[in-house]
Amino acid sequence: MRASQYFLATLKEAPQEAELPSHKLMLRGGLIRKLGSGLYSWLPLGMRVLHKVERIVREEMDRAGALEVIMPPVQPAELWQETGRWSLYGPMMLRIKDRAEREFCYAPTAEEVITDIARKELRSYRQLPVNFYQIQTKFRDEIRPRFGVLRAREFSMKDAYSFDADEPGMLRSYQRMFDAYVRIFTRLGLKFRPVAADTGEIGGLASHEFQVLADSGEDLIAYSDASDYAANVEQAEALAPAAPRAAASESLAKDPTPGTATCEGVAKLWGLPLQRTVKAILLYANHRVHMLLIRGDHTLNEVKVGKVPGLKGWRWANEDEILAAADGPAGYLGPIGLDRAKITVIADRTVAAMSDFVCGANAKDFHMRGANWGRDCPEPDLVADIRNVVAGDPSPDGKGTLAIVRGIEVGHVFALGRRYSEAMQATFTAEDGTQKPFEMGCYGIGVTRIVGAAIEQNHDERGIIWPDPMAPFTVAVIPLGYHKSEAVKAAAESLYAELAGAGVEVLLDDRNERPGVMLADQELVGIPHRLVIGERGLKEGAVEYQHRRDAAATKVPLAGAAAHVRERLAP
RNA sequence: CGGGGUGUAGCGCAGCCUGGUAGCGCACUUGCUUUGGGAGCAAGUUGUCGGGGGUUCGAAUCCCUCCACCCCGACCA
């Protein structure tokens with residue numbers, strides 16, 4: 001491709017709406033333009049990247065035996081009503097009506113449609129297993145779209161759905177997809193981790209997220225420093241402390257803490273480590289107020305809370321409920337002196353093992369110190385894992401210690417089971433002649449999100465640094481004085497022809513621009529390899545090669561330049 | 001949905017407080033010069049000042065209202 005014939009829409013300054021590096025660079029590099037909140041147009045350069053990603057995804061899906069289909073993005077409400085998701089999906093789903101006032105949605109996902117296809121087309125176990133996938137635009141009306149393409153409302157997703165005759169078969173399909181995902185993200189040149197994820201309300205059998213590691217990620221991932229264990233923080237189990245509770249050594253004291261309603265404040269006031277404090281969080285579930293206790297430096301895990309027996313469907317307690325059940329105002333609450341007939345005390349595993357701790361006194365401007373279970377108040381009604389793990393916690397698999405990193409979720413595999421097939425009566429005739437519902441799995445990859453995530457992981461102050469497999473062009477040929485010097489022009493043209501002839505995606509910058517402009521554009525747009533041709537070098541028969549990550553250029557003979565570059569390309 | 005912020009040329013911004021012919025840089029067009037890191041000179045082009053309403057002789061500027069976009073948060077006592 002010749003730059004003079006192409007469309008490079010680079011910007012010197014990033015539009016003010018962009019905050020993250022990837023968002024700024026995609027705008028500045030001319031990959032995308034914003035149409036509205038969470039809505040982006042993809043310009044030619046961005047499309048080249050997107051196509052690279054799609055191609056790798058397709059190749060690996062095909063290799064894994066999945067079959068490509070395409071389903072309409074606009075889907076009738078009836079199908080969604082069959083599974084109950086027409087109401088469950090809520091405002092996240094964009095609903096539209098046709099001229100006859102029939103209701104449709106713009107698909108946020110396609111389980112219903114694919115299950116409809118399966119129930120109509122798949123009749124016998126002999127046709128199983130089968131896996132259908134599509135790469136298609138989805139729409140989710142996110143609460144807060146942000147970070148450009150990383151959390152857009154409209155986005156491209158590869159979604160695949162497997163159908164098996166039984167559960168072991170489904171788990172094999174699941175594993176096949178898992179393996180395909182590992183290959184895809186590896187081929188894309190990304191640093192990623194598959195992590196165990198919450199299976200959520202659906203209660204599926206297995207679920208893994210594929211997280212691209214990046215500081216700007218919205219997800220927190222806990223991983224072991226000594227094993228393969230990795231899980232979303234929402235999911236990672238916080239083990240009970242190994243050491244048993246120490247014996248009480250202090251006596252209980254109620255001391256004033258005027259105007260100090262937080263654990264941090266009390267710890268500071270009394271000169272104690274935050275780890276000695278316990279905070280109380282009140283919530284309401286099953287017609288009853290519950291006091292949850294976690295250590296002052298820990299945070300509550302709402303997903304885990306929902307799984308505690310008796311807390312399903314919980315909500316935060318309101319002010320009146322707090323006063324009625326605990327006799328004290330928020331900020332000064334604790335387990336001591338409570339009427340357990342009015343309130344249930346649920347302690348985190350860590351808290352249950354604490355002694356001589358600090359907690360609220362259930363009276364405004366007072367806290368307790370030297371508090372001990374059994375002696376000063378009854379043991380907790382229930383001990384449960386209700387907190388988020390923190391760095392330094394032991395790994396749940398018993399090997400090593402947890403560390404926490406941020407990630408961007410780019411893929412998710414899910415062993416679904418019969419949730420959709422049963423709801424939609426999607427059955428096949430089994431070997432024994434009976435009708436059985438399909439065992440399903442679903443598998444998503446955020447194709448457009450991958451592009452943003454890759455930039456988050458691969459950029460510097462000058463611009464993007466594409467991994468070769470995603471680069472819009474792999475090599476830039478930059479002649480200095482193309483329009484001035486016949487020698488430069490001839491060398492550039494022959495290099496361009498040689499590389500293009502060898503199947504290398506090369507961009508020849510034949511624009512009549514100054515060197516600084518061409519170099520800055522190449523760096524901004526992230527073309528990983530470049531050859532600079534100037535009269536100066538040509539006098540000694542040399543051109544300059546520089547990888548986007550190299551600190552300096554290296555001279556190579558003109559005759560061997562194309563070969564030199566090709567040796568450096570990713571296979 | 002709650003809170004905060006921003007809307008002025010394609011992009012980045014000033015002007016608003018204190019009302020009086022809409023500006024700067026970049027980009028774009030033409031010409032000349034320049035050509036190893038985002039050129040120089042000259043001459044140009046580009047605006048419903050987010051929309052609507054009000055106050056005023058006069059509104060980008062003051063008031064009301066709506067909208068869009070961005071950020072933080074969404075009950076962690």
Side-chain angles (χ1 to χ4, degrees), chain A residues 8-20 23-24 27-30 33-39 90-91 141-148 151 153 218 260-266 277-284 289 291-305 314-319 321-323 325-326 328-334 348 359-360 362 364 367 386-388 462-463 478-485 488 509 511-525 530 532-539 542-544 546 552-553 555:
Chain A
L8 287 177
T10 54
L11 263 26
K12 273 193 189 174
E13 288 171 289
Q16 45 95 277
E17 79 230 21
E19 191 100 330
L20 283 197
H23 190 190
K24 284 184 180 162
L27 256 6
R28 283 191 56 207
R33 288 292 183 257
K34 187 178 75 170
L35 216 215
S37 179
L39 303 172
D141 202 353
E142 295 281 349
I143 297 176
R144 182 143 92 89
R146 60 186 131 175
F147 309 145
R151 184 171 292 283
R153 295 195 292 175
E218 291 186 277
T260 310
T262 62
C263 285
E264 288 80 5
V266 174
T277 66
V278 168
K279 68 179 153 197
I281 298 156
L282 268 62
L283 45 86
Y284 185 89
V289 176
M291 176 180 282
L292 304 196
L293 296 166
I294 56 174
R295 205 170 72 183
D297 59 320
H298 287 155
T299 56
L300 193 71
N301 181 314
E302 298 180 24
V303 176
K304 289 179 179 178
V305 170
W314 64 276
R315 61 166 173 78
W316 304 106
N318 63 39
E319 213 169 309
E321 289 162 350
I322 292 174
L323 286 172
Y332 302 93
L333 298 174
D348 181 64
C359 61
N362 298 319
K364 184 162 170 55
H367 279 78
I386 52 172
R387 70 172 173 94
N388 288 315
R462 296 182 170 203
I478 301 183
L480 308 177
Y482 180 92
H483 297 264
K484 270 285 174 91
S485 157
V488 167
D509 202 338
R511 296 175 297 171
N512 193 9
E513 288 289 355
R514 300 170 65 82
V517 173
M518 295 189 284
L519 296 171
D521 274 348
Q522 175 265 137
E523 286 163 341
L524 170 60
V525 148
R530 87 174 174 207
V532 174
I533 302 160
E535 271 197 306
R536 221 159 62 189
L538 283 183
K539 282 191 182 128
V543 299
E544 289 162 26
Q546 186 170 0
K555 277 187 190 169

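Chain letters run A, B, ... following the sequence lines, proteins first, then strands; residues in each count from 1.
- Across the C1' atoms, B:A74 and B:G4 are found 15 Å apart, a figure rounded to whole Å.
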Where do N or O atoms of nucleotides 25-33 of chain B meet protein N or O atoms at under 3.5 Å, pair by pair?
| from | atom 1 | to | atom 2 | distance (Å) |
| --- | --- | --- | --- | --- |
| B:G25 | N2 | A:Glu13 | OE1 | 3.4 |

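- Shown here, B:G58 forms no base pair; nothing in the strands shown gives a Watson-Crick or G-U wobble contact with both key distances under 3.5 Å.
- Rounding to the nearest 0.5 Å places OG1 of A:Thr277 at 7.0 Å from CG of A:Asp297.
- Taking atom C1' on both B:U35 and B:G40, the two are 12 Å apart, rounded to the nearest angstrom.
- Using a 4.5 Å cut-off on side-chain heavy atoms (C-beta onward), A:Asp521 and A:Glu513 make no contact.
- Both distances falling under 3.5 Å, in either a Watson-Crick or a G-U wobble arrangement, occur for no nucleotide opposite B:U48.
- A:Gly537 comes within contact range of at least one nucleobase, with a heavy-atom separation under 4.0 Å.
- For A:Arg462, the salt bridge (charged side-chain N to carboxylate O under 4.0 Å, His left out) partners are A:Glu523, not counting sequence neighbours.
- Nucleotides B:G52 and B:U61, compared at atom P, are 12 Å apart to the nearest Å.
- Taking atom P on both B:G50 and B:G7, the two are 8 Å apart, rounded to the nearest angstrom.
- Where A:Pro15 and A:Gly516 each meet RNA chain B at their nearest nucleotide, the meeting point lying more 5' is that of A:Pro15.
- The line from CZ of A:Arg315 to CD of A:Glu321 is 4.5 Å long, rounded to the nearest 0.5 Å.
- For B:C16, there is no paired nucleotide, since no Watson-Crick or G-U wobble pair has both relevant distances below 3.5 Å.
- For B:G38, neither phosphate oxygen OP1 nor OP2 lies less than 4.0 angstrom from any side-chain nitrogen or oxygen of A:Arg514.
- Listed by chain and number, the residues in a side chain to side chain contact (heavy atoms under 4.5 Å, CB included) with A:Leu11 are A:Pro15, A:Arg28, A:Arg33 (sequence neighbours excluded).
- The CD1 atom of A:Ile533 sits 13 Å away from the C1' atom of B:G36 (whole-angstrom rounding).
- Between the side chain of A:Asp348 and the main chain of A:Leu293, no donor-acceptor pair closer than 3.5 Å is present.
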#### Entry: Letter per nucleotide, 5' to 3', of nucleotides 66-77 of chain B [B base touched, S only sugar-phosphate touched, - untouched; heavy atoms, 4.0 Å]
---SSBB-BBBB

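- Note: CG (A:Asp509) to P (B:G37) measures 15 Å, nearest angstrom.
- A donor N or O paired with an acceptor N or O is not found under 3.5 Å between the base of B:G10 and the side-chain atoms of A:Arg28.
- Across the protein-nucleic acid pair, A:Leu524 atom CG and B:G37 atom C1' stand 14 Å apart, rounded to whole Å.
- Within the nucleic acid shown, A:Leu480 comes within 4.0 Å of at least one base atom, counting heavy atoms only.
- Taking atom P on both nucleotides, B:G51 is separated from B:G10 by 13 Å, rounded to a whole Å.
- Shown here, B:C41 forms a base pair with B:G31; the pair counts as Watson-Crick or G-U wobble because both key distances fall under 3.5 Å.
- Remark: P of B:G36 and CD of A:Gln546 are 17 Å apart, rounded to the nearest angstrom.
- Partners of A:Glu142 according to the salt bridge (charged side-chain N to carboxylate O under 4.0 Å, His left out) rule, which considers only residues two or more places apart in sequence or in another chain, are A:Arg151.
- Residues passing the salt bridge (charged side-chain N to carboxylate O under 4.0 Å, His left out) test with A:Lys555, sequence neighbours excluded: A:Glu540.
- Here, B:A77 and B:A60 have their C1' atoms 46 Å apart, quoted to the whole Å.
- For A:Tyr482, there are no ring pair (Phe, Tyr, Trp, His ring centres under 6.0 Å) partners, not counting sequence neighbours.
- Counting non-hydrogen atoms under 4.0 angstrom, A:Gly481 reaches nothing in the nucleic acid.
- With sequence neighbours excluded, the residues forming a side chain to side chain contact (heavy atoms under 4.5 Å, CB included) with A:Phe147 are A:Leu20, A:Leu150, A:Glu218, listed by chain and number.
- Taking a pair to require two hydrogen-bonding distances under 3.5 Å in either a Watson-Crick or a G-U wobble arrangement, B:G2 pairs with B:C72.
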### Task
Scan nucleotides 41-51 of chain B nucleotide by nucleotide, 5' to 3', and note B when protein non-hydrogen atoms come under 4.0 Å of the base, S if they reach only the sugar-phosphate, - if neither.
-----------

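- Applying the side chain to side chain contact (heavy atoms under 4.5 Å, CB included) rule to A:Thr262 yields the partners A:Glu264; only residues at least two apart in sequence or on another chain are considered.
- Between A:Leu480 and A:Met518, some side-chain heavy-atom pair lies under the 4.5 Å cut-off.
- In terms of the side chain to side chain contact (heavy atoms under 4.5 Å, CB included) criterion, residue partners of A:Leu519 (sequence neighbours excluded) are, by chain and number, A:Ile478, A:Arg530, A:Val532.
- Between the C1' atoms of B:G53 and B:C26, the separation comes to 37 Å (whole Å).
- Within 4.0 Å (heavy atoms only), A:Glu321 reaches no atom of the nucleic acid at all.
- The salt bridge (charged side-chain N to carboxylate O under 4.0 Å, His left out) search around A:Lys24 returns none, not counting sequence neighbours.
- Using C1' as the reference atom, B:U46 and B:C24 are 15 Å apart when rounded to the nearest Å.
- Here B:A22 sits opposite no nucleotide as a Watson-Crick or G-U wobble pair (both hydrogen-bonding atom distances under 3.5 Å).
- At a threshold of 4.0 angstrom between heavy atoms, the contacts of A:Arg387 with the nucleic acid are absent.
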